[in-house]
Number of protein chains: 2
Amino acid sequence: MSYVQRAEYGVRPASHVDEDDPLFVQAVARAMQVLSAFHDTGRPLSLNEIATASGMGRSAAQRVVHTLRQLGYVERDADDRGFVPGIRILDHTRDYLRLNPLVARASPVLLELRRNVRERVDLSLRDGLRLVYAARLQSKRETFFATLVGQSVPIYCTSGGRAVMAHLSDAEVDEIIERSERREITPKTITDPEGIRAKVREARQNGYALAMEEVLQGEVALAAAILAPDGTPLGAIHIAGSLSEWEPEGFCRRFAPLASEAAGALSRF
Amino acid sequence: MSYVQRAEYGVRPASHVDEDDPLFVQAVARAMQVLSAFHDTGRPLSLNEIATASGMGRSAAQRVVHTLRQLGYVERDADDRGFVPGIRILDHTRDYLRLNPLVARASPVLLELRRNVRERVDLSLRDGLRLVYAARLQSKRETFFATLVGQSVPIYCTSGGRAVMAHLSDAEVDEIIERSERREITPKTITDPEGIRAKVREARQNGYALAMEEVLQGEVALAAAILAPDGTPLGAIHIAGSLSEWEPEGFCRRFAPLASEAAGALSRF
DNA sequence: TACAAATGTATCGCTCAGCGATACTTTCCA
DNA sequence: TGGAAAGTATCGCTGAGCGATACATTTGTA
C-alpha cells in the first residue's frame with residue numbers, strides 16, 4: 001500500500017515515501033489519507049467511500065474518521081448524509097499563510113498591483129509539478145469563485161508555470177515535462193514537449209510568460225516568477241483577463257511590466 | 001494529557017474528548033496537535049518547541065514531524081532554521097471550501113454585494129465560540145492581508161457574532177458569554193454580560209448587528225446572520241468600514257439592507 | 001408496506017507499530 | 001574554541017491499534 005496521494009494535478013515531487021522508514025508513523029499518514037479522500041469528490045462521502053478512497057479497511061477508516069471528527073477536522077454533512085471536511089482545517093490554512101514569508105509579504109504588493117490592473121490577480125506557489133493558489137484578488141465582473149485558496153494548476157501548461165520553468169535548468173524543465181500527466185485541458189492546451197520548451201524559451205526572453213486559453217476557454221493570462229535569493233523560482237504572480245476584452249499584444253504591453261515589477265518586489269528578500 | 005487544543009479564540013464547543021474512547025486513535029490526534037503547534041507562533045518552530053507546544057515527548061514529535069514532512073504537511077523553513085506548515089495543507093483548504101455548501105454558493109452573492117458596497121466584505125462561519133473567516137473581498141484601499149482565510153474572531157464582541165447570537169436562545173447566548181474568555185481587545189470592547197445581551201437584543205430588533213471599534217480601532221462593522229432552514233445561524237456576512245469616512249448611522253442606513261439581503265440569499269436552501 | 005442493501009456503531013483478542021530512553025552528529029553562537 | 005541546542009538514528013518492550021465481525025439504523029425500491 002502506498003501512502004503517496006494524488007494531488008489535483010500531478011504527483012508529489014520527491015515522494016519516495018519509504019514504507020520501511022522506522023520513523024514513519026502509519027496512523028499519521030492514515031489521518032492525512034482520510035482527509036485527502038475528499039480531493040476527488042464533489043459531495044459528502046460515506047465511511048465506505050472514505051475507506052476505499054484512502055485505501056484502508058473499514059475499521060481503520062472508522063477509527064480515523066471518528067478521531068478526526070472529535071477534533072473538528074471532519075464533520076457530518078448538514079443533512080447528515082455523509083462526511084465532509086471540518087472547519088478546523090481552516091486554522092491550519094491560516095497558519096500556513098501566516099508563516100509563509102512570501103504570502104505574508106505579498107498582500108500589499110498584490111493590492112498595489114490590483115490598483116493598477118483592473119483584472120484578476122493571483123499569487124501561486126510552486127509545489128512540484130503544480131502551482132497552488134495562495135491568494136486571489138478577483139476582478140470586478142468575475143462571477144466565479146472569489147477565493148479559491150488551495151486550487152492548483154499544472155506547471156506545464158500555465159502562464160505561471162512557464163514563468164517558473166523559465167528560471168529552471170533545461171534538465172529540470174524536461175523532468176517536469178516528463179513527469180507531468182499532460183492532457184488537453186482545453187483544445188488549445190500545449191502538451192507536446194517541444195511546444196512547451198518553446199514557450200519556456202519565449203518566457204526566458206521576455207521576462208514573463210504568456211498562456212492563452214490553455215486552462216480556461218477565453219482566458220488570457222500572463223505571469224512573472226518570484227525568485228528566492230539563490231534564484232530558485234518559488235511561485236508566480238499572474239494577471240488574467242478575458243479575450244473578449246483584450247487582444248493578446250495589448251494585454252502584454254499593458255500588464256507585463258506591472259507583473260514583473262510586483263514579482264520583483266517579492267523576490268527581494 | 002488532553003488532546004483538546006486551544007483555538008485562536010475560545011475553546012472547542014462539545015469537546016469532551018473521551019480519552020478512553022476505544023475508537024480514538026492517539027497518533028491521529030498527535031498529528032493534528034503537531035500541526036496545531038503553529039497556531040501560537042509567528043516564526044518557524046524547532047522540534048523541541050513543537051514537542052512542548054503539542055505536549056508530547058521529543059521522540060513522538062520527531063516521528064510525527066518526520067511523517068508529516070514526508071507527506072508535505074510540514075516543511076523546513078526557507079533558510080533551514082525550523083519547521084513550518086507545508087503547502088499540502090492548502091489542498092484540504094480547497095476541499096473544505098468546495099464542499100461547504102454555504103461557501104460554495106457564497107461567491108456570486110458576495111461579489112454582487114461587493115459591487116454595491118465599496119467596503120470590505122467578509123463571510124464567516126460559526127465554530128463554537130468563534131467565527132472563522134472563509135472569504136474576504138477587500139476594499140480598495142485596504143493595506144492589510146488581502147486574504148486571511150482561517151482567521152477567527154470571538155462571537156461575544158463582534159458584529160458577526162451578535163448577528164449569530166440574535167438567532168440563538170437566551171440560554172445559548174448566556175452560555176456563549178459564560179464560556180468565552182472575554183477580554184478587552186480594544187478599550188471599546190464590550191465584555192460585561194449585560195452589555196453583550198443588550199447588543200444582542202438590539203440586533204434582534206434591527207435584523208442586523210453593529211460593532212464599533214471592538215476588535216480594531218477605527219473600524220465600524222455590521223453583519224447579518226446566515227440561517228439554516230431550521231433557523232440555526234451558520235455564520236454571517238460582514239461589511240466593515242473606517243470611522244474616518246463613515247458616521248455610524250449613515251453606515252448602517254446605507255449598508256444594513258444590503259448585508260441583510262445577501263445573508264437572506266444565502267439562507268434559502 | 002416489507003424487504004434488501006448500505007450506512008454508521010460497537011466489541012474483542014492478538015500482535016506488531018510505535019512508544020520512550022538514549023546516544024550520535026551537526027550547526028550555531030558566544 | 002568550547003558548549004549548547006538542533007536534528008537524526010537505534011533499540012527492546014508493550015499496549016495501542018489492528019482486522020474481523022456482529023449489531024443497529026436508515027434508505028431506497030419493489
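Order of the sequence lines fixes the chain letters, A, B, ..., with proteins taken first and strands second; residue numbering starts at 1 for each chain. Atoms considered below: every heavy atom in the structure, side chains included; atoms not considered: hydrogens, waters and symmetry mates.
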**Student:** May I have the distance from A:D77 (atom CG) to C:dG8 (atom P), rounded to whole angstrom?
**Tutor:** 11 Å
**Student:** When the distance from NE2 of B:H66 to P of C:dA17 is rounded to whole Å, what number comes out?
**Tutor:** 15 Å
**Student:** Taking atom types as modelled, find out whether B:S46 and B:N48 have a side-chain donor-acceptor pair closer than 3.5 angstrom.
**Tutor:**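 Their side chains do not contain a donor-acceptor pair, so the 3.5 Å distance test is not met.
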**Student:** Should the pair A:R63 and B:F24 be classed as cation-pi, given the thresholds of under 6.0 Å to the six-membered ring centre and 45° from the axis?
**Tutor:** no
**Student:** For C:dT11, does OP1 or OP2 lie under 4.0 Å from any side-chain N or O of A:R63?
**Tutor:** no
**Student:** Please examine the side chains of B:R162 and B:M165, heavy atoms only from C-beta on, and report whether any two atoms are closer than 4.5 Å.
**Tutor:** yes
**Student:** At 4.0 Å (heavy atoms only), tell me whether A:S59 reaches a base, stays on the sugar-phosphate, or touches nothing.
**Tutor:** base
**Student:** Using whole Å, report how far CD of A:E75 lies from P of C:dG8.
**Tutor:**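 After rounding, the reported distance stands at 16 Å.
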**Student:** Whole angstrom is fine here: how far is it from CG in A:L47 over to P in C:dG8?
**Tutor:** 5 Å
**Student:** Taking it one step at a time, do A:D91 and A:R94 satisfy salt bridge (Lys or Arg N to Asp or Glu O under 4.0 Å)?
**Tutor:** CA-CA 5 Å; A:D91 290 332; A:R94 174 170 168 275; over 6 Å; no
**Student:** Grab the CG-P distance between A:N48 and D:dG19 for me, whole Å please.
**Tutor:**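 It is 15 Å, rounded to the nearest whole Å.
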**Student:** Atom CG of A:L45 to atom P of C:dA6: distance rounded to whole Å?
**Tutor:** 17 Å
**Student:** Of the candidate nucleotides D:dC18, D:dG7, C:dG20, which contains the atom at the shortest distance from the side chain of B:F83?
**Tutor:** D:dG7
**Student:** Measure from the side-chain heavy atoms of A:L23 and tell me the nearest of D:dA6, D:dT10, D:dC18.
**Tutor:**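 Nearest listed nucleotide: D:dT10.
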**Student:** Please name all residues satisfying side chain to side chain contact (heavy atoms under 4.5 Å, CB included) with A:A224, sequence neighbours left out, ordered by chain then number.
**Tutor:** A:A259, A:S260, A:A263
**Student:** Kindly indicate, with the supporting measurements, whether the criterion side chain to side chain donor-acceptor pair (under 3.5 Å) is fulfilled by B:D122 and B:S124.
**Tutor:** CA-CA 6 Å; B:D122 292 311; B:S124 67; over 6 Å; no
**Student:** Pick out the pairs of N or O atoms, protein on one side and nucleotides 24-29 of chain C on the other, that lie under 3.5 Å.
**Tutor:**
unit_1 : atom_1 : unit_2 : atom_2 : d
C:dC29 : OP1    : B:R81  : NH1    : 3.4

**Student:** Which residue, A:S46 or A:V28, contacts DNA chain C at a nucleotide closer to its 5' end, judged by nearest heavy atom?
**Tutor:**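 Checking each residue's closest nucleotide, the 5'-ward one belongs to A:S46.
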**Student:** In whole angstrom, give the distance that lies between atom CD of B:Q26 and atom P of C:dC19.
**Tutor:** 6 Å
**Student:** Considering only side-chain heavy atoms of A:Q62, which listed nucleotide, C:dA10, C:dG18, D:dC18, is closest?
**Tutor:** C:dA10
**Student:** Rounded to whole Å, please give me the gap between CE in A:M56 and P in D:dG19.
**Tutor:** 9 Å
**Student:** Would you say A:D95 and B:L35 make side-chain contact, with heavy atoms under 4.5 Å?
**Tutor:**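 Of all side-chain heavy-atom pairs linking B:L35 with A:D95, none is under 4.5 Å.
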**Student:** Out of D:dG17, C:dG8, C:dG18, which has the shortest distance to the side chain of A:V25?
**Tutor:**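 Nucleotide nearest to A:V25's side chain: C:dG18.
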